[in-house]
Amino acid sequence: MAHGPEKGIGRWLFSTNHKDIGTMYLWFSFAMFLLGGSFAMIIRAELFEPGMQLVKPEFFNQMTTMHGLVMVFGAIMPSFVGLANWMIPLQIGAPDMALPRMNNLSFWILPFGFALLASTLFMEGGAPAFGWTFYAPLSTTYAPSTVNFFIFGVHIIGASSIMGSINIIATVLNMRAPGMTMMKLPLFVWTWLITAFLLVAVMPVLAGTVTMMLMDINFGTSFFDAAGGGDPVLFQHVFWFFGHPEVYIIILPAFGVVSAVIPTFSRKPLFGYSSMVYATSAIAFLSFIVWAHHMFTVGMPLAGELYFMYATMLIAVPTGVKVFNWITTMFRGSLTFETPMLYAIAFIILFTIGGFTGLMMAMAPVDIQYHDTYFIVSHFHYVMVAGAVFAMTSGIYYWLPKWTGKMYNETMGKAQFWVSFIGFNIAFFPQHFLGLAGMPRRYADYALQFAEWNMVSSIGAFMYGAAQLFFLYNVIQTIVAGKPAPEEKTWEGAEGLEWTLSSPPPYHSFTTPPEVK
Amino acid sequence: MLSRLKRLVAYALTPLLLLSFAGLSSAKEASGGSPEGWGLLNLPIGVSSLSRNSYELHMILLWVCVGIGVVVFGIMFYSMIAHRKSKGHEPATFHESAKVELLWTIIPVIILIVLAAPATTYLVERYDTDEADMDIKITGYQWKWQYEYLGEGVQFMSELTTPESAIYGDTPKSEFYLSEVSEPLVLPVGKKIRFLVTSKDVIHSWWVIDLGVKKDAIPGFVNETWVRIDEPGVYRGFCTELCGKGHAFMPVVVNAVPEDEYNSWLADKKVAVAAERELAKKVFTLDELMAQGEEAYNRSCAACHMANGEGIPGAFPALKDSSVALGSVKTHLDVVVNGVAGTGMQAFGGQLSEVDLAAIITYERNAWGNDTKDIVQPVDVLKFKQGQ
Ligand code: HEM
Ligand SMILES: [Cu+2]
Ligand SMILES: [Cu+2]
């Protein structure tokens with residue numbers, strides 16, 4: 001017997017429905033995106049001109065740290081978990097996620113984790129100010145006592161991620177409709193499956209890292225304190241053993257979204273499906289063995305440095321394969337440029353630029369010049385914002401009509417895209433120049449020769465920020481007043497099980513498994 | 001529709017054009033005259049073999065990336081223009097080809113192998129710290145650098161001289177705003193100089209872009225690197241590892257001079273060290289100590305304890321009405337000379353002269369309403385240090 005959602009707040013608090021939980025993840029992550037974004041606006045406003053105008057340096061450091069933490073753990077990661085919740089059951093023909101109650105728990109502990117983290121802003125000592133990479137001993141011996149809230153917050157967020165991942169693995173491995181073999185899975189499902197394995201592997205390492213910090217701070221151990229026989233560089237090794245796979249955790253689901261959008265608007269099947277699967281697996285494997293490319297200046301032995309340089313260079317190969325495959329998918333297709341496609345194309349271009357700078361940074365002797373400058377800041381915003389966030393936005397425009405049964409306004413969507421795209425590039429391209437000219441990152445104030453490009457960058461950042469409010473408006477406008485979406489297929493070229501359902505899909509979909517030929 | 005596409009092409013190509021612009025501007029730079037402001041687009045070539053090699057590799061990488069970008073994006077834009085539905089283009093159906101996929105796996109591998117060759121050579125060169133002509137120990141502190149000329153008995157602190165008022169916009173910013181220090185590191189050109197880099201508190205990183213040297217200063221460990229500077233000049237750099245609130249305020253300034261000039265500077269420096277030692281025997285008045293103390297306090301202590309002595313709650317204690325500043329002189333001396341292990345409070349005994357230490361302590365015991373009337377003389381500091 002199909003039944004509808006519960007009435008009132010209970011529908012959300014006690015939800016075990018993958019669509020409701022997906023929706024909550026998406027709204028939560030968007031709220032975090034705006035929060036992290038407002039921190040970024042403070043940073044860019046302070047950096048608009050040389051001199052300290054708005055905040056004190058210690059608060060500036062809190063802003064950079066909180067911005068990074070909130071964006072990585074609060075905005076990007078949960079948004080893709082939300083997308084997974086919504087789409088994986090629909091794409092594999094399952095009635096729900098495999099572990100619906102755990103699903104509820106893994107969402108509902110997140111707001112508590114972030115409340116803990118954000119509450120430090122109002123405490124004596126202030127929020128974490130040691131960077132999102134929280135290197136010891138700045139984050140241990142020299143940190144204010146609020147660091148304990150940060151540690152606990154990270155534990156909660158990590159537990160949420162691990163539960164979410166286990167759920168995804170269990171769902172993909174056990175709940176596929178008859179005939180949905182592994183090599184027929186949509187790429188979004190494949191990339192998420194691999195991402196989930198990465199998460200299960202490295203989240204415990206992050207938990208271990210913060211636990212070691214906790215011990216050093218409160219229980220007299222010296223993991224990261226040379227005076228007691230420990231080593232501050234050990235911190236960086238364990239952190240990046242988590243941290244490098246983490247960046248692929250962020251980008252792989254984005255690859256999945258783009259691999260769905262590009263074929264749809266090219267009206268042509270994805271080129272090289274199986275090599276895409278292998279390339280994703282190769283990237284995932286390599287991501288475990290390159291971590292110390294973040295540490296080329298810590299004083300590793302020559303052999304270690306050479307190894308990490310060569311291994312990192314290798315990652316460019318499977319990454320390149322993915323880009324070539326997308327472009328070949330477009331080649332000789334029948335292209336149209338609706339908003340999701342615009343975002344996906346922008347993703348390919350800008351992510352590739354981020355990949356180029358990644359390749360440059362892989363080369364240790366020149367990374368010594370790039371390291372910890374704005375060049376790095378530019379690199380990771382090209383891969384994380386123009387990569388992950390653009391793909392996410394593409395995915396939302398793409399599936400929003402499916403979720404809501406309403407069609408967004410195409411003109412508004414495109415306008416929003418252009419403001420985002422132009423704003424992003426004005427904000428972040430000049431940061432390459434700043435870094436190369438010698439401006440270090442995480443600087444509250446800077447020498448006068450950096451003034452011009454910083455001002456340009458800030459203007460672009462405000463523009464990009466405004467574009468996100470525009471996006472929020474578009475989404476709400478669609479939900480409230482959008483025209484009805486086409487019955488099933490919103491997009492002429494779309495393939496996949498989700499497009500066989502009505503728009504919006506029934507509250508419980510695929511209660512009888514579909515047949516996949 | 002077409003105009004939209006043109007726009008798309010234009011915007012998407014902008015970054016690429018800018019990238020090539022960056023390349024061109026560096027050519028201009030090579031022909032003399034250092035760029036500034038809008039023209040600051042590329043890595044400087046610098047004045048050592050390390051920085052030149054980094055620059056060379058950087059330019060190779062840049063052009064390789066531009067080349068790949070032109071081909072890849074070129075194909076993409078071609079198909080965005082030629083294969084549009086609005087032009088009536090029918091989609092092809094191909095979706096696999098082992099041959100091309102093999103090809104675009106092998107070609108990047110070959111490019112990478114070619115790139116790995118110079119990268120390996122340059123990296124090996126960077127690690128060759130043997131047979132140095134002299135050693136400089138660089139120690140990072142929150143938020144200043146200490147330079148020690150090993151074997152010469154010369155050491156000094158190098159800290160930012162840009163006043164707070166310029167940072168907060170009350171006075172104009174000078175030409176070298178945030179890149180000016182109390183005493184630059186003076187080095188001879190043409191000599192192989194080995195740097196031993198370490199830290200006394202958190203991790204810092206010592207970077208001078210024109211020298212091509214960046215090395216992390218890690219508490220409890222000593223990192224080695226080296227440089228041979230080819231041209232005399234003043235080279236400015238920064239701390240590049242987040243080290244707390246003063247991270248942006250601990251620049252590096254290197255003054256590279258010809259060898260004979262360096263030698264006479266070093267000789268003068270040794271004379272000054274001896275004179276300072278003599279000064280420590282003198283007896284000062286309260287007013288003298290207070291005047292010097294205020295100046296030295298603002299330079300060395302105000303970053304944490306603030307100029308008004310009120311500290312930053314939750315991070316750095318107030319010295320106004322503090323039990324240490326009002327309590328026994330011996331404890332006060334102990335805290336300042338030896339620091340407090342495991343906190344931001346450094347051991348200033350090795351950083352400041354006896355005169356400065358005495359002046360600061362006297363100042364702290366008498367400023368902001370801390371009216372102890374205690375006078376601490378440089379000899380008291382000396383005795384305290386020797387008594388340990
Ligand atoms: C071709 C693929 C890539 C390569 C070769 C690469 C290489 C590198 C290297 C060598 C660094 C360290 C640079 C330094 O700090 O000196 C770095 C930093 C970084 N990368 Fe990538 N990267 C690639 C793709 C990505 C992707 C896909 C993401 C995330 C979506 C990413 C996110 C980051 C972040 C966040 C940092 C900076 C971390 C920090 O210090 O805060 N990268 N990358
Ligand atoms: Cu990495
Ligand atoms: Cu620093």
Side-chain angles (χ1 to χ4, degrees), chain A residues 50-52 57-58 61 124-125 131 135 137-138 141-142 144 226-227 232-233 267-269 271-272 275 297-299 302 305 313 316-317 320-321 324 327 330-336 349 353 356 360 363-366 368-369 372 425 429 433 436-438 440 442-445 447-449 452, chain B residues 12 15 18 36-38 40-43 53-54 57-58 61 65 75-76 79-80 83-85 89-92 95-96 101 104-105 108-109 112 119 122-123 126-127 167-169 177-179 202-203 205 209 214-216 218-220 223 238 240-242 244-245 247-248 313-315 342 344:
Chain A
M52 303 298 301
E58 52 272 31
N61 289 348
E124 194 178 278
Y135 281 9
L138 189 61
T141 317
Y142 294 84
V233 178
R267 294 170 180 73
K268 192 163 153 274
F271 185 82
S275 71
T297 59
V298 299
L302 176 61
E305 200 127 319
M313 288 162 67
V317 176
V321 167
F324 301 145
I327 290 176
M330 289 167 66
F331 194 72
R332 293 182 51 208
S334 173
L335 303 176
T336 52
I349 297 168
I353 293 176
F356 284 151
M360 296 170 80
M363 307 289 178
V366 56
I368 284 166
Q369 294 280 46
D372 264 336
N425 283 294
F429 205 81
F433 307 149
L436 293 175
R442 295 164 168 167
Y443 260 32
D445 195 6
L448 301 181
Q449 70 266 32
E452 284 84 357
Chain B
L18 286 171
E36 48 190 293
W38 299 110
L40 270 183
L41 301 173
N42 202 6
L43 207 59
N53 291 345
S54 295
L57 188 56
H58 166 73
L61 288 165
C65 289
I75 295 173
M76 184 168 166
S79 100
M80 280 162 64
H83 304 147
R84 274 175 297 131
K85 191 186 175 200
H89 194 271
E90 289 292 321
H95 60 89
E96 222 155 25
E101 289 179 63
W104 67 43
T105 312
V109 170
L112 288 177
Y122 296 156
L123 195 62
R126 277 190 174 272
Y127 271 77
I167 296 173
Y168 288 94
Y177 176 71
L178 299 188
S179 296
V202 300
I203 301 178
S205 190
I209 194 168
K214 182 185 285 153
K215 205 73 182 176
D216 290 0
I218 297 170
N223 272 331
F238 299 100
T240 48
E241 186 60 65
L242 178 61
K245 78 186 184 71
H247 174 48

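All heavy atoms count here, side chains included; hydrogens, waters and symmetry mates do not. This one's a predicted model, so the numbers in the text were calculated from it and none came from an experiment. Chain naming here is simple, since letters A, B, ... match the order of the sequence lines and numbering starts at 1 in each.
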Q: Look up atom CD1 in A:Ile353 and atom SG in B:Cys65, then write down how far apart they are to the nearest 0.5 Å.
A: 10.5 Å

Q: With B:His89, which residues qualify under ring pair (Phe, Tyr, Trp, His ring centres under 6.0 Å), at least two apart?
A: B:His83

Q: Is there a side-chain contact between B:Met76 and A:Ile349 in this structure, where contact means two heavy atoms from C-beta onward sitting under 4.5 Å apart?
A: yes

Q: Does any part of the side chain of A:Val366, heavy atoms only, come nearer than 4.5 Å to the side chain of B:Tyr122, both counted from C-beta?
A: no

Q: If we define contacts as heavy-atom pairs under 4.5 Å, which of B:Ala248, B:Gly344, B:Gly314 has the most with chain A?
A: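 Most heavy-atom pairs within the cutoff with chain A belong to B:Ala248.
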
Q: Hey, does the side chain of B:Asn223 reach the backbone of A:Val298 with a donor-acceptor pair shorter than 3.5 angstrom?
A: yes

Q: Is it the backbone or the side chain of A:Asn61 that comes under 4.5 Å from a heavy atom of chain B, or both, or neither?
A: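 Answer is side chain: those atoms of A:Asn61 sit under 4.5 Å from chain B.
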
Q: Which is it for B:His247 and A:Arg442 under the side-chain contact (heavy atoms from CB on, under 4.5 Å) test, yes or no, and what are the steps along the way?
A: CA-CA 8 Å; B:His247 174 48; A:Arg442 295 164 168 167; 4.3 Å; yes

Q: Okay, side chain of B:Lys214, backbone of A:Gln369: is any donor-acceptor separation there less than 3.5 Å?
A: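 Judged by distance alone, yes, a pair lies under 3.5 Å.
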
Q: Could you grab the distance from atom CG of B:Leu43 to atom CZ of A:Phe433, nearest 0.5 Å is fine?
A: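 The CG atom of B:Leu43 sits 13.5 Å away from the CZ atom of A:Phe433.
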
Q: Which atoms of A:Ala447 are under 4.5 Å from chain B, going by heavy atoms: the side chain, the backbone, both sets, or neither?
A: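 Both the backbone and the side chain of A:Ala447 come within 4.5 Å of chain B.
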
Q: Hey, does B:Thr105 have a side-chain heavy atom less than 4.5 Å from the side chain of A:Val321?
A: yes

Q: Calculate, to the nearest 0.5 Å, the distance between atoms CD and CG belonging to A:Glu305 and B:Leu123 respectively.
A: 5.0 Å

Q: For the pair B:Ser79 (side chain) and A:Arg332 (backbone), establish whether a donor and an acceptor sit closer than 3.5 Å, ignoring hydrogens and angles.
A: no

Q: Under the side-chain contact (heavy atoms from CB on, under 4.5 Å) rule, what do A:Phe331 and B:Ile75 come out as? Steps first, then yes or no, please.
A: CA-CA 8 Å; A:Phe331 194 72; B:Ile75 295 173; 4.0 Å; yes

Q: Any idea which heavy atoms bring A:Ala226 and B:Pro219 closest together, and the distance?
A: CB-O, 3.6 Å

Q: Working note: B:Tyr177 + A:Asp445, criterion side-chain contact (heavy atoms from CB on, under 4.5 Å); need CA distance, chi angles, decisive distance, verdict.
A: CA-CA 10 Å; B:Tyr177 176 71; A:Asp445 195 6; 2.4 Å; yes

Q: Does the side chain of A:Phe324 reach to within under 4.5 Å of the side chain of B:Pro108, using non-hydrogen atoms?
A: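 Heavy-atom side-chain distance check passes, below 4.5 Å.
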
